[in-house]
Amino acid sequence: MASKRFHILEIPSQDSSAALQQDVREGLFELPRSLPAKYFYDDQGSKLFDAICKTQDYYPTRTELSLLQKHVAEIIDAVKPNTCTELGAGTSAKTEIILAKLNSSLDAFTYLSIDVCEEVLIESAHRLLNKFANLRIESVIGEYIPAIQAAPKLASPALYAFIGSSIGNFTEQESIELLSEVANKMTAEDYFLIGMDRVKDKQILERAYDDSEGVTAKFNLNVLNVLNYKLGANFDLSKFLHQAIYNEKQQQIEMYLISQCDQEINFPMFDKTIKLEKGEKILTEISRKYTKSSIEYLLEKSGLKEAMHFEPSNEYFSLVLAKRQQ
Ligand code: AVI
């Protein structure tokens with residue numbers, strides 16, 4: 001029975017509403033104003049993100065997918081994994097390519113999926129267990145670092161995966177902390193597959209984050225709905241504009257919401273009103289872009305070293321297979 005092959009572990013975390021209140025106090029009530037990108041992903045935000053991935057302008061998803069399809073055999077050949085652990089597993093859509101390959105070559109293997117969203121993990125676990133008879137799934141629900149620490153250590157050789165270029169949404173310091181946490185868990189036999197978006201033409205980058213269908217704009221504005229719903233704030237979405245700019249010095253896309261007029265926003269829960277001036281910006285996301293040398297630097301600082309590197313001929317994206325430093 002599929003359920004015998006599925007176990008789930010929930011990491012007790014800080015009360016999510018207390019965490020949101022603290023993030024709003026520290027980010028939105030202070031200058032320069034910002035919000036953590038994780039608040040994009042309510043139901044509507046997750047649907048909008050899926051829609052972004054299908055737009056013509058947002059190239060990372062399809063580029064990484066075709067890299068994975070092209071090189072999965074080489075990756076499995078190099079690692080010979082018995083297990084696969086994925087950070088930010090979500091629907092596991094891309095990881096399915098790896099799992100299909102393992103299912104055809106192993107009598108039994110384990111997939112450990114880590115994500116904050118329980119419903120998505122359960123839904124995708126059922127789909128995968130029905131498809132792959134030799135698969136067992138362990139799911140850990142929680143924020144990345146506590147989840148990695150609490151996750152069971154699976155048999156080596158293990159393949160760890162952090163794909164989707166999600167590493168780019170963390171600051172350099174946060175990325176090093178996160179990758180180091182995985183490196184500490186790895187044995188000398190294990191490998192870590194990381195998807196990273198590359199530095200490229202400014203126009204291509206800015207279009208990817210301000211697509212011509214307007215989906216990314218809706219995704220960005222939706223975070224204000226999340227604050228209205230969860231905090232009883234009174235943001236009027238029609239009074240904000242989406243902006244995505246590529247900061248060449250920092251090598252990152254920065255997404256902002258720009259106030260279109262002088263306005264006051266009430267937060268009854270805090271008994272607080274903030275005044276936004278016309279043109280004032282709220283930073284809602286960074287998405288860092290990498291060069292071969294910044295990838296090497298990040299791995300080095302995180303206790304990892306490159307073993308294999310896959311990229312398309314236009315060098316738009318990197319799938320890096322890393323080992324632990326000895
Ligand atoms: C989830 N993450 C990797 C996306 C990115 O490209 O940074 C989030 C995103 N934001 C706007 N478009 C996509």
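Just so you know, ligand 1 is whichever comes first in the structure, and atom 1 is the first atom listed for that ligand.
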Aromatic ring proximity Y191/Y160, centre distance under 6.0 Å: no

Verdict with supporting geometry, Y59 and F317, ring pair (Phe, Tyr, Trp, His ring centres under 6.0 Å): CA-CA 9 Å; Y59 60 84; F317 201 91; 7.8 Å; no

Single-linkage hydrophobic cluster I52~V120, side-chain heavy atoms < 4.5 angstrom: no

For atom 7 (O) of ligand 1, the protein heavy atom that lies nearest, with its residue and separation: S287 OG, 2.6 Å

Y41 and F49 aromatic ring geometry - parallel, tilted or perpendicular at 30°/60° bounds: perpendicular

Test of proximity, S165 against ligand 1: N or O pairs below 3.5 Å: no

Nearest-contact summary for atom 4 (C) of ligand 1 - protein heavy atom, Å: Y58 OH, 3.5 Å

Heavy-atom gap F40 to ligand 1 smaller than 4.0 Å: no

F235 ring center within less than 6.0 Å of F240 ring center: yes

Backbone or side-chain N or O of Y41 under 3.5 Å from ligand 1 N or O: no

Within 6.0 Å of NZ in K54, more than 12 heavy atoms from elsewhere: no

Nearest-contact summary for atom 2 (N) of ligand 1 - protein heavy atom, Å: N169 OD1, 2.8 Å

Rounded distance (nearest 0.5 Å) linking atom CG of D197 with atom CD of Q251: 11.5 Å

Geometric N/O contact S166 with ligand 1, under 3.5 angstrom: no

For atom 8 (C) of ligand 1, the protein heavy atom that lies nearest, with its residue and separation: E285 OE2, 3.3 Å

N or O contact, Y209 vs ligand 1, cut-off under 3.5 Å: yes

Contact atoms of ligand 1, heavy-atom distance to G164 under 4.0 Å: 3 (C)

